[in-house]
Structures are given as structure tokens and as C-alpha cells.
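Values below: every heavy atom of this structure, side chains too, minus hydrogens, waters and symmetry copies.
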Amino acid sequence: MKGVKAFPIVLSKEADGYFVSIPDFGIETQGKDIADAIYMARDAIGLMGIDMQDDGKELPDPSEKVEVDNPRDIITFVDVDFDEYRKKVDNKAVKKNCTIPYWLNVEAEKAGINYSKLLQEAIVLALNLNA
């Protein structure tokens with residue numbers, strides 16, 4: 001669990017759900033209920049964290065104690081696996097241009113070859129990855 005950290009969040013009840021403060025990152029989000037608010041907090045922390053990493057910045061160390069103004073606020077921790085989060089959000093498709101001989105294209109189209117799928121499988125095999 002190398003890339004996993006647990007950060008404190010503060011949940012404040014509002015008329016239409018929960019406002020979420022994430023003090024270690026200085027960001028906020030919201031959710032329609034507690035589960036949604038925690039999900040949104042994890043997502044916000046994950047996005048902010050990988051942006052920071054991409055910019056060469058250090059992730060903050062999680063605070064162990066958080067002060068709140070309202071005694072009804074809920075303080076809890078959200079765990080985020082930054083390595084897994086990066087895999088999740090970096091899995092978007094990227095368009096690549098590829099050139100093949102005309103005759104090969106004709107034969108591939110006759111056979112119903114899916115170029116994208118075939119290229120992905122070939123790259124995974126060439127890199128000896130388990131995808």
C-alpha cells in the first residue's frame with residue numbers, strides 16, 4: 001500500500017446534502033449524502049494529488065487533528081491510493097496514427113480486424129504486461 005494515504009475531511013450538513021472541506025489540500029466539494037460526500041472527497045483528493053505529483057510537488061502529510069467551528073460537523077478520514085487513482089483516470093483513449101500498406105489494409109478490412117484492439121493487444125504482448 002505504498003501510494004495510500006488517509007486524509008481528514010470535515011462533513012457539514014446542509015439543506016441539500018453535505019459540504020466537504022479537505023483541509024490538507026485547501027479544497028472543498030459536496031455530496032448529496034454522506035456516502036456521496038466521501039466518494040466526492042476521495043475523488044477530489046485523488047485529482048489534486050496526481051496534479052501535484054505531475055507538477056513535481058510533494059503531497060501533504062495527512063493531518064492527525066482537525067479543528068471545526070460547528071460541533072455538529074463530522075470529522076472522518078478518507079483513504080486514497082494515488083497509484084490506483086492514477087491508473088483509473090489515466091486510462092483514457094489516446095488517438096494514434098498508423099500507416100500500413102494498402103494491400104494489408106484491404107485484407108484486414110475483409111477479415112474485420114479491429115485495429116485499435118489488435119494494436120493494444122500487440123503492445124501489451126510486446127511489453128510483457130498483464131492488461
Counting only heavy atoms not in D54, do more than 12 sit closer than 6.0 Å to its CG atom?
yes

May I ask whether V78 and I27 are part of the same hydrophobic cluster, defined by side-chain heavy atoms of I, L, V, M, F, W, Y residues being less than 4.5 angstrom apart, directly or through others?
yes

Just by distance, with hydrogens left out, do Y18 and D36 show a side-chain donor and acceptor under 3.5 Å apart?
no

Co-membership, hydrophobic cluster, residues Y115 and W103, 4.5 Å side-chain
yes

By ring-ring contact (aromatic ring centres under 6.0 Å, His included) - contacts of F82 (at least two apart):
none

My understanding is that only one of T76, V68, D73 makes a side chain to side chain contact (heavy atoms under 4.5 Å, CB included) with L11; could you say which?
T76

State yes or no: do L59 and M48 share one hydrophobic cluster built from I, L, V, M, F, W and Y residues joined by side-chain heavy-atom distances below 4.5 Å, directly or via other members?
yes

Ring pair (Phe, Tyr, Trp, His ring centres under 6.0 Å): which pairs involve residues 20-50, sequence neighbours left out?
F7-F25

Does the distance from a Lys or Arg side-chain N to an Asp or Glu carboxylate O, for D81 and K5, drop under 4.0 Å?
no

Output for pair (S116 OG, E121 CD), nearest 0.5 Å, gives 11.0 Å

Would one find more than 12 heavy atoms of other residues, nucleotides or ligands at under 6.0 Å from atom CD of E64?
no

Got a donor-acceptor contact below 3.5 angstrom from the R42 side chain to the D79 backbone?
yes

Answer whether the closest heavy-atom distance between the side chains of E58 and Q53 falls below 4.5 Å.
no

Does E28 have more than 12 heavy atoms from other residues, nucleotides or ligands lying within 6.0 Å of its CD?
yes

Given the rule in the salt bridge (charged side-chain N to carboxylate O under 4.0 Å, His left out) test, do D51 and K57 qualify, once you have shown the distances and angles that lead to the verdict?
CA-CA 9 Å; D51 280 350; K57 297 177 183 172; over 6 Å; no

Indicate if V20 and V66 have the same hydrophobic cluster label, given that clusters are the connected sets of ILVMFWY residues with side-chain heavy-atom separations under 4.5 angstrom.
no

Any link between I22 and I74 through a network of hydrophobic side chains (Ile, Leu, Val, Met, Phe, Trp, Tyr) touching at under 4.5 Å?
yes

Atom CD1 in I45, atom OG1 in T29: separation rounded to 0.5 Å?
10.0 Å

